[in-house]
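Quick note: residue numbers are just sequence positions, from 1. All figures in this text were calculated on a predicted structure; none of them were measured in a lab.
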Amino acid sequence: MEQLRTIGRELAMGSQGGWGQSKEFLDLVKSIGEARSKAEEDRIIARELEHLKRRLADPDVPRRKMKELLLRLVYAEMLGHDASFGHIHAVKMTHDESLPLKRTGYLAVALFLDERHDLVILVVNTIQKDLRSDNYLVVCAALTAACRLIGEEAIPAVLPQVVELLAHPKEAVRKKAVMALHRFYQRSPSSVSHLVSNFRKRLCDNDPGVMGATLCPLYDLILEEPNSYKDLVVSFVNILKQVAERRLPTSYDYHQMPAPFIQIKLLKILAVLGSGDKQASGHMYTVLGDIFRKGDTASNIGNAILYECICCISFIFPNPKMLEAAAETTSKFLKSDSHNLKYMGIDALGRLIKINPDIAEEHQLAVIDCLEDPDDTLKRKTFELLYKMTKSTNVEVIVDRMIEYMINITDHHYKTEIASRCVELAEQFAPSNQWFIQTMNKVFEHAGDLVNIRVAHNLMRLIAEGFGEEDEGADSQLRSSAVDSYLRIVGEPKLPSSFLQIICWVLGEYGTADGKYSASYIIGKLCDVAEAHLTDDTVKAYAISAILKTFAFEITLGRKIDLLPECQTLVDELSASHSTDLQQRAYELQALLGLDKTAVESVMPADASCEDIEVDRSLSFLNSYVQQALENGASPYIPESERSGVISVGSYRSQEQQETSAHTLRFEAYEMPKPSLPLATSQTSMSTPPTDLVPVPEAGYYKEDNQTSMSQPPSDAISGEFGVKLRLDGVQKKWGRPTYSSSTPSSSISSQPTPNGASHSDGGGSSSQPRESSYGSKRQQGTEVSAEKQRLAASLFGSAAAKADRKAQASRKTAKDSPSTEKVATTNVTAQPVKEQVIPAAPPPDLLDLGDEPVSSSPPSADPFSQLEGLLGPASAAPVLSGTPATSTSKAPGLLSIFSDDVPTGVTSVSTDPTLGDVNSMGSRKGAAAVASMKGPSLQDALQKDAAARQVGVTPTVNNPNLFKDLLG
């Protein structure tokens, strides 16, 4: 009874503000909190550790005082300081009979040690004893320590007792026993593989805490083998339904949400079990719909559950109603003012568009806002979404945005990722080879050192191969534009090495091909590149090779060209270079200048970079020579993998040969060190300075040397036969083979590695509302979206946003018309009210589809900009005019649809707007033209785009215009 009173007093003191500790401890905490720098904090902790070291050395420290000293040690070690001198005292405290002291000891040991520490062996016996204790608090403390300290070797020592505790009457013990088994499974799956059925049994435990703890090991098991747990789908669904219906005790609620962490874990499990399984997914739809209906967006935890539901729906077999509910929840996330919820919305949208790309159509402006948000994390997540949405119609805009963002960031890791994504998108969706070359130039110019060298080789191969057709004129134009762009870029400072290699190669191959630039000019530029990068041997090698090819092409054409002074200086410098590769290239250039036209044509043929070179790796052309040599008595070839033993035998000479050549120069390799004892090796390696270079012996040397030494009689035996024996103890041997054995320090080769406060916004927008009002409270207040964002949305998402821009222009045009015009137009519209009701509206286009718009007979869906229908003007809204039969219900393409590949073909429409008449007819002509099957659109198509842009007042800034940037300025 007295012991219980003592425990009660200590627990009561522990619940107070000072935790029952002394004033010294509180002053320590206060002084650390008031420290103004890390150096001051380190000085305080250093003084405290010196004080604790002296106090712990005192054998008469009271037990309660020892408890406080250990807590102060824990505090110091949690701040990053070494308190290893007190670890043994924590181990001793785990043996104490007092419950508070034992729990303090287990706490300190769990924080001080890990499973690989030497002192853990002293704790295993204590844990075994405490697992059999009658006090469940002691058992819980032992189980907690076992999760932290029991390693793979010690699991069999405590596993039977932990399994027995699964049936303990106390739910806290059962819960911790499940956690301990889970930890054992993570460390050694084979040790507890026969106990997996215990997790299934604990899933039906009466206590929700034990059931919730069982979900964690079951999730790991289901990830490994989902098919073995398909029978538990109904059980998981029933548990989730009971939790969502608030059948658990209120003690499991968190921010008025019923057991949210159990719900999240169950949703993760159901996502794995329902992936690709229609039958299993069918059991989940009802409970997922209930969670969506009861979801609370007023708290972070409620939003977390809704987000996990979206993730679950994106994994299981798709269902239209579930996708609609997920899209509605995603819309609420995107229109929130919280950056965290916007981030979740962007991530959820990226998951949903994999199933239904049309979902992104509703959130165009929200994505644009996130792309321009100052929050860098949100901007990066938006770029990931755009990366998933990229297609041939929007690749130019997305890649340009990525490159612009890549230029402005300094994070090399993410810069590398953005560069690789730009390269991947450009290679996959490039509309033309010329655009691809210009895009690669931008990537190499701003992130050249971070791009894989394979990309540079692909770019050079593309320039060499051209369009891959018989149109030599297009190929020549492509190479000429590449030369022009590289001559403009080559003078810029701090160009990456890989980009300079591309520039030198292109200038050497095609610098003088079209006759636009003289050979002297190209050679001068190449000499400037080599002189500006004196420390980069690779760039100098590419430059001298390009100069050699330029000279070769000029000699082939019969032109006389003199060696420029700066070129002669470069050749002389490289001829005396320490690099043999640069020397060889310089000598080759000098030799080439002395050859005639015929010899140069055979040595350096024109445009030979596209020729396929067949390499005979087996060297079969040498078979006759080898056979003849073998017949003449030559030794057969021994593969490298089999010649180590032969080399080791042949590399040694006999002792007599070594003694005869002791006074002459020796040209054989040094003797490899003999193997030494492990202890001597470790001691020698510790004493050897790190700068010493010790050769690493091969295994073959040891083997042969041991055999040789065993075959020869020892010197003592030989001298004993003649009765003479020299005493050589302590005498250092000066000549001949060394008699000591040197240790070989182990060297490790390091390999460099190659390439996740919510604010509630009342949105409540249903699916029947117009999409214009479903995004953002600011737009619900009537704020007009800027024309720049509408154009950007049109470029990213396709024709729907272009139609919205066209409608906005038409509405502003209609507002300026006279009343008489409006009256006449109204009369024309009301003349045929019946036809307007009979003709159905066209469904919204598939924005992420690469093909033509599908023709569907399904009921018309809500127009995304239906609120602007009344502002368009009667003439443009009417599908037909009086006396003219309607051939299509599609709108004529607007200004921005000229630059889209998804132009509807065969569309006949009549517009009364004089401003858009020429543009509409132009779009129809463009839609009727056939597109040639090739990599990217044909050259004729690109010229039509250019002419159309000039016709509407857009003046391109370069030869290959970026129409999106020209539109936006």
Which pairs of donor and acceptor atoms, one on a side chain in residues 630-637, lie under 3.5 Å apart (sequence neighbours left out)?
| from | atom 1 | to | atom 2 | distance (Å) |
| --- | --- | --- | --- | --- |
| Asn632 | ND2 | Gln628 | O | 3.2 |
| Tyr637 | OH | Arg643 | NH2 | 3.1 |

Can you give the donor-acceptor pairs under 3.5 Å from side chains of residues 549-556 to other protein atoms, not counting sequence neighbours?
| from | atom 1 | to | atom 2 | distance (Å) |
| --- | --- | --- | --- | --- |
| Lys549 | NZ | Glu509 | OE2 | 3.1 |
| Thr550 | OG1 | Ala546 | O | 2.9 |
| Glu554 | OE1 | Arg559 | NH1 | 3.4 |
| Glu554 | OE2 | Arg559 | NH1 | 3.3 |
| Thr556 | OG1 | Ala552 | O | 2.7 |

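Separating the CD1 atom in Ile522 from the OG1 atom in Thr512 is a distance of 7.0 Å, to the nearest 0.5 Å. Between atom CZ of residue Arg479 and atom CD1 of residue Ile437 there is a gap of 9.5 Å, rounded to the nearest 0.5 Å. Here the CG-CZ distance, from Leu548 to Arg585, works out to 9.5 Å after rounding to the nearest 0.5 Å. Note that CZ of Phe429 is 13.5 Å distant from CZ of Phe436, once rounded to the nearest 0.5 Å. Considering CG of Leu563 and CD of Gln590, their distance stands at 8.5 Å, rounded to 0.5 Å. Distance NE2/His446 to CG/Asn441: 10.0 Å, rounded to 0.5 Å.
Listed by first then second residue, pairs satisfying side-chain hydrogen bond (donor to acceptor under 3.5 Å, both in side chains) with a partner in residues 490-503 read Ser497-Gln501, Ser497-Asp536, not counting sequence neighbours. Annotation: ring pair (Phe, Tyr, Trp, His ring centres under 6.0 Å) contacts involving residues 473-502, sequence neighbours excluded, comprise Tyr486-Phe499. For residues 555-576, the set of pairs meeting the ring pair (Phe, Tyr, Trp, His ring centres under 6.0 Å) definition, not counting sequence neighbours, is empty. Sorted by first and then second residue, the salt bridge (Lys or Arg N to Asp or Glu O under 4.0 Å) pairs with a member in residues 597-606 form an empty list; sequence neighbours excluded.
Side-chain contact between Val367 and Leu371 is absent, with no heavy-atom pair separated by less than 4.5 Å. Leu385 has its side chain within reach of Ile353: a pair of non-hydrogen atoms, C-beta onward, lies under 4.5 Å apart. Using a 4.5 Å heavy-atom threshold, the side chains of Leu500 and His533 count as touching. Under the 4.5 Å side-chain criterion, counting only non-hydrogen atoms from C-beta, Thr390 is not in contact with Gln428. Contact check for Leu526 versus Cys504: side-chain heavy atoms found under the 4.5 Å cut-off. Residues Val571 and Leu589 are in side-chain contact: their nearest non-hydrogen atoms beyond the backbone lie under 4.5 Å apart.
At least one test fails for Arg421 against the ring of Phe383: distance under 6.0 Å to the centre or angle within 45° of the axis.
Minimum heavy-atom separation, Ala482 to Val506: CB-CG1, 4.4 Å. The shortest heavy-atom contact between Met402 and Cys422 is CB-SG, 3.4 Å. When all heavy atoms of Trp435 and Glu396 are compared, the closest pair comes out as NE1-CG, 3.7 Å. When all heavy atoms are compared, the tightest approach of Lys540 to Leu534 is NZ-O, 2.9 Å. Annotation for Gly511 and Asp514: closest pair O-OD1, 4.3 Å, computed over non-hydrogen atoms. Closest of all the heavy-atom pairs between Ile547 and Cys527 is CD1-SG, 3.8 Å.
In terms of modelled atom types and a separation under 3.5 Å, the side chain of Ser577 and the main chain of Glu573 share no donor-acceptor contact. Counting only distance, with no hydrogens or angles, the side chain of Ser602 and the backbone of Ala599 share a donor-acceptor pair below 3.5 Å. A distance-only check finds no donor-acceptor pair linking the side chain of Lys415 to the backbone of Thr410 [under 3.5 Å]. Formation of a donor-acceptor pair under 3.5 Å by the Ser480 side chain with backbone atoms of Ser476 is not found in this model.
A search for salt bridge (Lys or Arg N to Asp or Glu O under 4.0 Å) contacts involving Glu445 returns nothing, not counting sequence neighbours. Every residue two or more places apart in sequence or in another chain was checked for a ring pair (Phe, Tyr, Trp, His ring centres under 6.0 Å) with Phe444, and none qualifies. Every residue two or more places apart in sequence or in another chain that forms a side-chain hydrogen bond (donor to acceptor under 3.5 Å, both in side chains) with Ser620 is listed here: Asp616. By the ring pair (Phe, Tyr, Trp, His ring centres under 6.0 Å) test, Tyr521 is found to be paired with Tyr517, residues two or more places apart in sequence or in another chain being considered. Checked against side-chain hydrogen bond (donor to acceptor under 3.5 Å, both in side chains), Glu588 has the following partners two or more places apart in sequence or in another chain: Gln584. For Asp375, the side-chain hydrogen bond (donor to acceptor under 3.5 Å, both in side chains) test picks out no residue, with sequence neighbours left out.
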- [ ] Evaluate side chain to side chain contact (heavy atoms under 4.5 Å, CB included) for Leu574 paired with Ile544, printing each intermediate quantity in order.
- [x] CA-CA 9 Å; Leu574 298 184; Ile544 193 65; 3.9 Å; yes

Task: Step-by-step side chain to side chain contact (heavy atoms under 4.5 Å, CB included) determination, Tyr387 to Ile398 - done: CA-CA 8 Å; Tyr387 171 74; Ile398 292 178; over 6 Å; no

- [ ] Just do the side chain to side chain donor-acceptor pair (under 3.5 Å) check on Gln568 and Asp572 with the steps written out, would you?
- [x] CA-CA 6 Å; Gln568 183 64 52; Asp572 294 340; 2.9 Å; yes

- [ ] Any chance you could lay out the salt bridge (charged side-chain N to carboxylate O under 4.0 Å, His left out) test for Lys525 and Asp528, step after step, and finish with the verdict?
- [x] CA-CA 5 Å; Lys525 288 290 186 180; Asp528 293 340; 5.4 Å; no

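Side-chain contact annotation: Glu404 with Asn408, donor-acceptor N/O pair under 3.5 Å absent.
Between Asp376 and Lys379, no side-chain nitrogen of the basic residue sits less than 4.0 Å from a carboxylate oxygen of the acidic one, so the salt-bridge criterion is not met.
In the displayed structure, Tyr625 atom OH is contacted under 6.0 Å by at most 12 heavy atoms of other residues, nucleotides or ligands. Within 6.0 Å of atom NE2 in His457, more than 12 heavy atoms from other residues, nucleotides or ligands are found, so the atom counts as buried in its surroundings.
For the side-chain contact (heavy atoms from CB on, under 4.5 Å) with Ile503, the lone residue among Val529, Val483, Leu487, Val490 that qualifies is Val490.
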